[in-house]
Amino acid sequence: MKQELDKTYNPQENEDLIYQKWEESGFFNPDNLDLPLDAPGYTVVLPPPNITAKLHVGHSAMLAIEDLMVRFHRLMGYRTLWLPGTDHAAIATQSIVEKKIFKETGKTRHDLGKEAFLQEVWKFVNETQATILHQTKKMGSSLDWSRLAFTLDESRKKAVTRMFVDMYNEGIIYRGERIVNWCPSCHSTLSDDEVEHKEQTAKLYTFKYSADFPIAISTTRPETKLGDTAVAVNAKDKRYAEYIGQEYKVNFCGQELNIKIIADYNVDSSFGTGALGVTPAHSMVDWQMAQSNNLPIIKVINEDGLIRPGFGAYSGLKTGEARELIVARLKEQGLMEKEEDIINNLSVCYRCDSAIEPLPSKQWFIGVDKKLERLGGKSLKEKALEATAQRDITFIPERFNKSFSDWMNNLHDWCISRQIWFGHALPVWYRGEETHVGFEAPSGDGWQPDEDTLDTWFSSGMWTFSTLGWPDNFKDGVKSGDLARFHPTQVLETGYEILTLWVSRMIMMSFFALGEIPFKDVYLHGIILDKNGKKMSKSKGNGVDPLAIIPVYGADAVRLSLLMGSTPGNDSRYSDEKIESKRNFINKLWNISRFILSGTPEELFTAPTDKAPVPKTLADKWIIDNLQSCASAVTSHLKNYNFSLAAEELNDFTWNKLADWYLEIAKAEKDKEEILIYVLKNILVLWHPFIPFVTEKIWSSFNNDLLMVAKWPTSTSVDTKTDSDKINNDFRIIQDLITAIRNARSENKVEPALKLEAIIYGHNQVELLESQRDMITSLKTGLKSLTISTDGAKIADAITIVSGGIEVYLLGGVDKTKEKERMQKEELNLVKLIGLQEAKLNNTEFVGRAPVNIVAAEKDKLAAYQAELSKIKKIMENL
RNA sequence: GGGCGCAUAGCUCAGCUGGUUAGAGCACUUCGUUUACACCGAAGGGGUCCAGGGUUCGAAUCCUUGUGCGCCCACCA
């Protein structure tokens, strides 16, 4: 059974084999876990990565965190499901493929036609998806591949269609007009992130519509004023207060306009004249003002960027030409008050660089404010806000509650239709003025399907339940199958940058479809920046491919470096050095294991991990006690999402306690095997969620069953805190002695351990102090051996050999700290702080550096110390 | 313009609800090591916790103001 381990751990040789073993075991699938029927569930859906590109280390961090949570819960005996998938990322994917084709062939998607273009997209999707899945496995992700989903596969199509139809029937999905970013040159709408802003100088004109209109307005686009239906001023602006609510008929350069004066807080009274001409059809903000003030909408500009018919001489002109004409007219009439140069931002198309024309167009929306009977008369927005406000859903870190509710409160109806080809089709058909929404095309001739596709967030918003068999698993308000077993999920782990885009949608969609939250906790991770603190991006070429570093350091090292030293919601920096240091740690763990296993008889391998062997010495007690407190600290850190702290705790135990101290002692003392293997097995389990590969590999060298389904150490420690403190304090004597002897040897100041006889003694503290000082003096002047004899009861001390000789530190009874005096005056506070101050109050005079804080009162304890000391001496002899 | 975050050792960062002498990794200095590990060990140096003010017995931690970075949203007629 026992296998020899190599001198250095080689991740590359082992990782793929181990992953294969995990997959073959079937334990990634919760259905195969050997659990009691009432085992609690733990479900996490993987935020499906966009199939626009291969993964980068940011994704690796996400996978590391989620796999950590998932493996931790699997080890704790939860029915654990981590559900994989990818996202079709409609707009992003389409534009990437478009660019790619254009670069390779010079053709646009229009040249290819819809069908041929989509074929290209699918080719691309399949390639990238394969890469992504491969990368995901390389990280060691324990995802249930049997449930793999894609936001644009058949099951999801079914769910999306059903959702749309349901929402439409409920009256929450409706068709209406909205301003979109229109590129007159590409003849297409652009999403907000496809719009770029360019700084430019523009002319700001200040004028009145007509001589009989009381207020002058300022604009850089006089031609759009042909469609003005209001003038907005700030409600607090005293200059215009008297006009608010009035309506005027004006003749603006030959066009009749009806202008209402409205108040709106969006208006900046210090800009221009403080009055804004409202053009609802050609400006986003104006559109919103028109909505809230019920203003009529007049379209001035058409899809070609020309003035529409019905505007007299202006009709058919380009916007620029119309502008010149109007400016000339205004000047003629003496209405122009001012012309000035200002710097503003022009919105331009990211592709062709031409100016964006905001235009109203027919779109589909989800009404987030519509009250729904199925939600107890509340709207989706209200339900989402309620769920987070009363902490049915909690954010980690908590501060994102505010971002979320701020954003949610300002949410307008969600536009879900997109004028692109790649995506979910809308289940909508038109025939003249008729509209049909349903699962299939209506019978009868002449029906045309809607050509738009759905916003990608519509399908990913359904991710927690569309992946669990909704709608088939949901009949008459009752969940069945996977949906019943795994929904709501426990945690959504994702990047804070999509808190609003995605998380909010998921919450609303889940409330609509199931009437319940999609997840309990939302853990938000930060961004992995490059080593210079810059965001990784394709254009900058500073992204790091996990496949480039995993072969060098191993997936475990990559994972650990991403998990340690980073905190939720905060960005962190990528660094090779950090990965290297984690690689070194992993090798350390490897060698610790190698050492322990080499000395362990095989019959001990099967010993239980949940029952500690009986400790025989102080050192035994110390290591077991520390293991227990480490395990319980790790457990609670992991439960509280303090992943970095959990790893630090483990790191400290493994390296600084186990390797540096206990292993050294074990080299000299016999009968440590049982404890060593016990400790090793436990830390392998504890480490497993962080570094699954190496721990599984070590485990497999002496175990037949898989570590990934082993039992997490429970904190059954009955030791009280005081006992722990005592054991730790006592053990520090040993540590100090060993240190002292080591130092003495290396500095050749004192003959080795044999000559050091430290025996505890004393009764009169004052005397003690004096005699102690004498001793120190003499030691410093060259005494090479030390004998302190004792005749009695109480003392505590520590002996350290420093460069000048040996210093003996005493704990006497001289109370003198300022803190104590102050404490005595403040009795109340003293009571409050007693636990913390006890040590301080007992603090005593000491010589030299800080004393080791031991109070040994009883004789049998003294004897125990002496026994320990002589053991240590033996140990040192053997070193 | 609105919102959020960050500022702690030379560098990258931890430090939870305020509490012994502020920590880690890397880097640095000195010493050591053929037998678990040089992907190593021991010892050590290095910090006015951005600045001012406040609350408190006590502040890196809470409040306030300021400074310097970074991000998100709205992009302005």
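Chain identifiers are assigned alphabetically (A, B, ...) following the order of the sequence lines, protein sequences preceding nucleic acid strands; residue numbering begins at 1 within each chain. Source: prediction; values computed, not measured.
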Novice: Surrounding CD of A:Gln291 (heavy atoms of other residues, nucleotides or ligands, distance under 6.0 Å), is the total greater than 12?
Specialist: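 It does: A:Gln291 CD has more than 12 such atoms within range.
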
Novice: What interatomic distance, in whole Å, is found between C1' of B:U56 and the corresponding atom of B:C76?
Specialist: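 Rounded to whole Å, the distance is 47 Å.
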
Novice: If the C1' atom of B:A51 is compared with that of B:C11, how far apart are they to the nearest Å?
Specialist: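 Going atom to atom, C1' in each nucleotide, I get 23 Å.
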
Novice: Kindly say whether, by distance alone, the side chain of A:Arg583 makes a donor-acceptor pair under 3.5 Å with the base of B:C39?
Specialist: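 Counting by modelled atom types and ignoring angles, a donor-acceptor contact under 3.5 Å is found here.
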
Novice: With no hydrogens and no angle check, just 3.5 Å: does a side-chain donor-acceptor pair link A:Asn651 and A:Thr654?
Specialist: no

Novice: Between A:Arg573 and A:Phe595, name the one whose nearest nucleotide on RNA chain B is closer to the 5' end.
Specialist: A:Arg573

Novice: What distance, rounded to whole Å, do you find between the two P atoms, one in B:U8 and one in B:G44?
Specialist: 26 Å

Novice: What is the pairing partner of B:C76, taking Watson-Crick or G-U wobble pairs with both distances under 3.5 Å in any strand?
Specialist: none

Novice: NA contact type, A:Lys578, heavy-atom cut-off 4.0 Å: base, sugar-phosphate, or nothing?
Specialist: nothing

Novice: Under a 3.5 Å limit for both distances, which nucleotide forms a Watson-Crick or G-U wobble pair with B:A24, could you say?
Specialist: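 Result: B:U12.
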
Novice: Does B:G46 have a Watson-Crick or wobble partner in any strand here, with both distances under 3.5 angstrom, and which is it?
Specialist: none

Novice: My understanding is that a pair needs two contacts under 3.5 Å, Watson-Crick or G-U wobble. By that rule, which nucleotide pairs with B:C4?
Specialist: B:G70

Novice: Compute both the distance and the angle, then confirm whether A:Arg178 meets the cation-pi test with A:Trp287: under 6.0 Å from the six-membered ring centre, within 45 degrees of the axis.
Specialist: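 That pair does not qualify as a cation-pi contact.
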
Novice: Under 3.5 Å for both donor-acceptor distances, Watson-Crick or wobble: does B:U34 have a partner, and if so which one?
Specialist: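 Pairing partner: none.
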
Novice: Going through the distances and angles, do A:Phe702 and A:Trp699 end up as a ring-ring contact (aromatic ring centres under 6.0 Å, His included)?
Specialist: CA-CA 6 Å; A:Phe702 66 99; A:Trp699 186 268; 5.8 Å; yes

Novice: Applying a 4.0 Å non-hydrogen cut-off, can you work out what A:Gly565 is touching in the nucleic acid: base, sugar-phosphate, or nothing?
Specialist: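 Sugar-phosphate only.
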
Novice: Could you check how far NE2 of A:His412 sits from P of B:A74, rounded to whole Å?
Specialist: 10 Å

Novice: Whom does B:G58 pair with, Watson-Crick or G-U wobble, provided both distances fall under 3.5 Å?
Specialist: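 B:G58 is paired with nothing.
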
Novice: Across all strands shown, which nucleotide pairs with B:G18 by Watson-Crick or G-U wobble geometry, both distances under 3.5 Å?
Specialist: none

Novice: In whole Å, what separates the C1' atom of B:C72 from that of B:U64?
Specialist: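 Rounded to whole Å, the distance is 25 Å.
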
Novice: Could you say whether A:Gln288 or A:Ser566 is positioned toward the 5' end of RNA chain B, judged by the nucleotide with the nearest heavy atom to each?
Specialist: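 Of the two residues, A:Ser566 wins.
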
Novice: Would you measure the distance from the C1' atom in B:A14 across to the matching atom in B:G23 and give it in whole Å?
Specialist: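 Per the computed distance, 7 Å lies between those C1' atoms.
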
Novice: What residue among A:Phe693, A:Tyr9, A:Phe595 forms ring pair (Phe, Tyr, Trp, His ring centres under 6.0 Å) with A:Trp590?
Specialist: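 That would be A:Tyr9; it is the only one of A:Phe693, A:Tyr9, A:Phe595 passing the ring pair (Phe, Tyr, Trp, His ring centres under 6.0 Å) with A:Trp590.
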
Novice: Taking atom C1' in both B:G45 and B:G5, compute the distance separating them and give it to the nearest angstrom.
Specialist: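 My reading of the C1' atoms in B:G45 and B:G5 gives 34 Å.
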
Novice: Just call it for A:Ala232: base, sugar-phosphate, or nothing, with non-hydrogen atoms closer than 4.0 Å on any strand.
Specialist: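 No contact at all - A:Ala232 keeps every heavy atom at 4.0 Å or more from the nucleic acid.
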
Novice: Determine the Euclidean distance between corresponding C1' atoms of B:A60 and B:U48; express it in Å to zero decimal places.
Specialist: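 So the two C1' atoms sit 12 Å from each other.
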
